[in-house]
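Written out below as structure tokens is the structure these notes cover.
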Amino acid sequence: MGYMVELNTLLGLPKDFDVTTLVDGQKYTIIKDRERVFPLHVAMLIVDGDWNFYGYAVAHQIKVFDQKTEISFEVLSLFSDDQKKIYKDKFIEAAKITGEIK
């Protein structure tokens, strides 16, 4: 018997998160469905469901409850528009090779 938990290495924003509110040094809290594991105190890429990358964040606290995960994180740096395009293009290229994206 086991317990299912999702291991995340990217900080995926919820669909309803307003990315225009992202500011360097600002702290945010989001809630995601399912139980998840995130690395704490390690730089992670911030991404949305359309594989748009916004910059780097660090998770300071994770709470798992009621089949949900609450992540408190701080924005470390944000990308320029050119950097966003490069990250997205390169990730999609790699993820197609690994099968993450069909």
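Here the side chain of Lys27 pairs no donor or acceptor atom with the backbone of His60 at under 3.5 angstrom. Under the 3.5 Å distance criterion, the side-chain polar atoms of Asp89 are left unmatched by any main-chain donor or acceptor of Ile92. Remark: the backbone N or O of Asp50 is paired with a side-chain donor or acceptor of Asp48 at under 3.5 angstrom. Side-chain atoms of Ser77 do not come within 3.5 Å of backbone N or O of Asp24 as any donor-acceptor pair.
Linking Ile, Leu, Val, Met, Phe, Trp and Tyr residues whenever their side-chain heavy atoms come within less than 4.5 Å leaves Leu76 and Ile30 in two separate clusters. Tyr54 and Ile86 are members of different hydrophobic clusters when ILVMFWY side chains are connected at heavy-atom separations under 4.5 Å. A chain of hydrophobic side-chain contacts below 4.5 Å, direct or via other Ile, Leu, Val, Met, Phe, Trp or Tyr residues, connects Val75 to Val23. In terms of hydrophobic clustering, with Ile, Leu, Val, Met, Phe, Trp and Tyr side chains grouped at heavy-atom distances under 4.5 Å, Val19 and Val58 are assigned to different clusters.
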Could you please spell out the steps behind the salt bridge (charged side-chain N to carboxylate O under 4.0 Å, His left out) verdict for Lys84 and Asp81? CA-CA 5 Å; Lys84 288 177 189 177; Asp81 289 340; 3.8 Å; yes
Is there a side chain to side chain contact (heavy atoms under 4.5 Å, CB included) between Asn52 and Phe79? Walk through the geometry before answering. CA-CA 11 Å; Asn52 295 302; Phe79 295 150; over 6 Å; no
Criterion side chain to side chain contact (heavy atoms under 4.5 Å, CB included) on Leu13 and Leu22, from CA distance to verdict: CA-CA 11 Å; Leu13 299 172; Leu22 291 172; 4.3 Å; yes
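Expressed to the nearest 0.5 Å, how far CZ of Phe17 lies from CD1 of Ile46 amounts to 8.0 Å. Within the model, atoms CD of Gln67 and NZ of Lys32 stand 16.0 Å from one another, a figure rounded to the nearest 0.5 Å. Rounding to the nearest 0.5 angstrom, the gap separating the CD1 atom in Ile62 from the OG atom in Ser72 is 7.5 Å. Interatomic distance, NZ of Lys68 versus CD1 of Ile31, reported as 7.5 Å (0.5 Å rounding). In this structure, CD on Glu6 lies 8.5 Å from OG1 on Thr69, to the nearest 0.5 angstrom. Between atom CG of residue Asp66 and atom CD of residue Glu35 there is a gap of 9.5 Å, rounded to the nearest 0.5 Å.
Of all heavy-atom pairs between Arg36 and Val64, the closest is O-CG2, 4.0 Å. For the pair Ile71 and Ala59, the tightest heavy-atom approach, listed with the atom from each and the gap, is CG2-CB, 4.1 Å. For the residue pair Thr9 and Met44, the shortest heavy atom distance occurs at O-CG, 3.8 Å.
Within a 6.0 Å sphere centred on CG of Asp18, other residues, nucleotides and ligands contribute more than 12 heavy atoms.
Between Phe53 and Tyr87, the two ring planes are tilted [angle within 30° to 60°].
Annotation: side chain of Phe91 is not in contact with side chain of Val47 (no heavy-atom distance under 4.5 Å).
Outside the 6.0 Å centre-distance limit, the rings of Phe38 and Phe73 are not counted as a close aromatic pair.
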